[in-house]
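Okay, so here's the structure we're looking at.
One-based numbering, in listed order, for ligands and for the atoms of each. Quantities reported herein were computed from a predicted structural model and do not represent experimental measurements.
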Amino acid sequence: MGVIVQKFGGTSVADIERIRNVAHRVAKAYDAGNDVVVILSAMAGVTDKLISMASRISERPEKRELDVLLATGEQTTAALLAMTLISMKYPARSLMGFQAEVRTDCAFGNARILDINAERIEALIGRRNIVVIAGFQGHDREGNITTLGRGGSDTSAVAIAAALKADVCEIYTDVDGVYTTDPNICGKARKISKIAYDEMLEMASLGAKVLQIRSVEFAKKYNVPIHVRSSFSEEEGTMVWSEECDMERLMVSGITCSKNDARILVKGVPDQPGIAARVLGPIAEAGIVVDMIIQSAPKNGTNDIAFTVPRTEYDAAMETARRVAEEVGAEGVHGDQSIAKISVVGIGMKSHSGVAAKMFSTLAAENINIRMISTSEIHISCVIMEKYAELAVRALHTAFGLDREA
Ligand code: ADP
Ligand code: ASP
Ligand code: MG
């Protein structure tokens, strides 16, 4: 018995039948004597549909109003689950983000949680209510509705679990745990029974969308154990927790793939000191986060600078890059949105050499051209053409000995 936070993702609440299934799971935890707080996503596909509706009105819809719109997806599922539980004679109560006092900064569309006043939730569970909270949303200091970025209900769940000092935060999704790579790309992916926060952080930041990265940051900071599991089976999933508990240590723990970036190439930039700052400074000033950067060797007094930006910022980044290119007298700007970033991740890599060489030779053997490279102590990433992404993931998964035994 204790406090359990259960988060259900979009596929788990995709229709009324599935919401009933969720209600039964929640009821089971409640009947076992636990205090249960449930965080919900919108029904699968609803957030996308709302975004596309807004884009029919304007290319760049007003951000405040877009958040008001997007928050309705989670409002719907929270009400439907609370109703279902009540119809089953459970004392349930839904709360929107602002009612649960999830306070964020005012970065509409990508807000950060600043703090949560858990008193109202605590008072409700103290009276044995099941509290159902709309994920993905909060409010800023002026009372505006904000949303937390795609996949943000994971972060709502972990942050609320931290505020309640919950015993565990269960993340129910459409796969039964965290795998060595996306099991929907590679049939030989292996389920990981436990993974340390740091490794999960790296996997999440490099494309494993099973957990939103900020949720793992919260979990690490407040030491919240996360149990990632399937809402369609009873099987144990993956525990994400502090490193001391993680005994097994493979050199490489996983392969990730991200299609969230775009590449911008500024060609023929005059080779002068300070030029990289002149090209990239305005991009940063526009609030666009640059990830990888490559500068070619100088040729005839000029060189090329290539960098990646989030695909959602592509148009704004191209606009800025074109303006800067003209100012510095560069030859031109090329953009490419059909790229993928493939990464090999593992804390165990720190003490092993040869991981990079193996990654490059594996991609070469598949005739896949590497366009950019970046490394850290615990990951190596290569940018390749998007159409080779799945092939690259499978080849690397095999090459690093991660395949499940047949
Ligand atoms: P939810 O709607 O429940 O939040 P998401 O679609 O956000 O679910 O996340 C689950 C998906 O994450 C899986 O369907 C899977 O395709 C993807 N995924 C990517 N990498 C991994 C990984 N390493 N392990 C498990 N799932 C992964
Ligand atoms: N509904 C939001 C999204 O689709 C948040 C979430 O599901 O976590 O991104
Ligand atoms: Mg998700």
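Counting the atoms of ligand 1 from 1 in the order shown, those under 4.0 Å from a heavy atom of Gly10 are 2 (O). For ligand 1, the atoms lying closer than 4.0 Å to a non-hydrogen atom of Lys7 are 4 (O). Near Pro183, meaning under 4.0 Å from any of its heavy atoms, are these atoms of ligand 1: 24 (N), 25 (C), 26 (N), 27 (C).
Just one of Ile255, Thr362, Val252 meets the side chain to side chain contact (heavy atoms under 4.5 Å, CB included) condition when paired with His397; it is Ile255.
Nearest protein heavy-atom contact of atom 6 (C) of ligand 2 is Ser153 OG, 3.1 Å. Taking atom 13 (C) of ligand 1 as the reference point, the nearest protein heavy-atom neighbour is Asp174 OD1, 3.5 Å. In terms of protein heavy atoms, atom 23 (N) of ligand 1 is closest to Tyr179 O, 2.9 Å. Looking only at heavy atoms of the protein, atom 1 (P) of ligand 1 is closest to Thr173 OG1, 3.5 Å. Closest to atom 7 (O) of ligand 2, if we only count protein heavy atoms, is Ser41 OG, 3.0 Å. Of the protein's non-hydrogen atoms, the one nearest atom 7 (O) of ligand 1 is Lys209 O, 3.6 Å. Nearest non-hydrogen protein atom to atom 25 (C) of ligand 1 is Gly177 O, 3.4 Å.
Using a non-hydrogen distance threshold of 4.0 Å, Gly135 does not register as a contact of ligand 2. Note on ligand 2: Gln212 sits outside its first shell, no heavy atom being nearer than 4.0 Å. At a 4.0 Å cut-off, at least one heavy atom of Gly151 sits close enough to ligand 2 to count as contact.
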Practice item. Mind running side-chain hydrogen bond (donor to acceptor under 3.5 Å, both in side chains) on Asn144 and Arg64 for me, showing each step along the way? Key: CA-CA 8 Å; Asn144 298 303; Arg64 179 188 183 279; 2.8 Å; yes

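Considering backbone and side-chain atoms together, Thr47 places an N or O closer than 3.5 Å to an N or O of ligand 2. The shortest N or O to N or O distance between Phe136 and ligand 2 is not below 3.5 Å. For ligand 2, the polar-atom distance check finds no N/O of Lys7 at less than 3.5 Å from any of the ligand's N/O atoms.
Heavy atoms of Thr181 found under 4.0 angstrom from ligand 1 belong exclusively to the backbone. Proximity of Asp182 to ligand 1, defined as any heavy-atom pair under 4.0 Å, is shared by backbone and side chain alike.
A salt bridge is defined here as a Lys NZ or Arg NE, NH1 or NH2 lying under 4.0 Å from an Asp or Glu carboxylate O, and Lys28 with Glu234 meets this definition.
No side-chain donor-acceptor contact under 3.5 Å links Asn184 and Tyr179.
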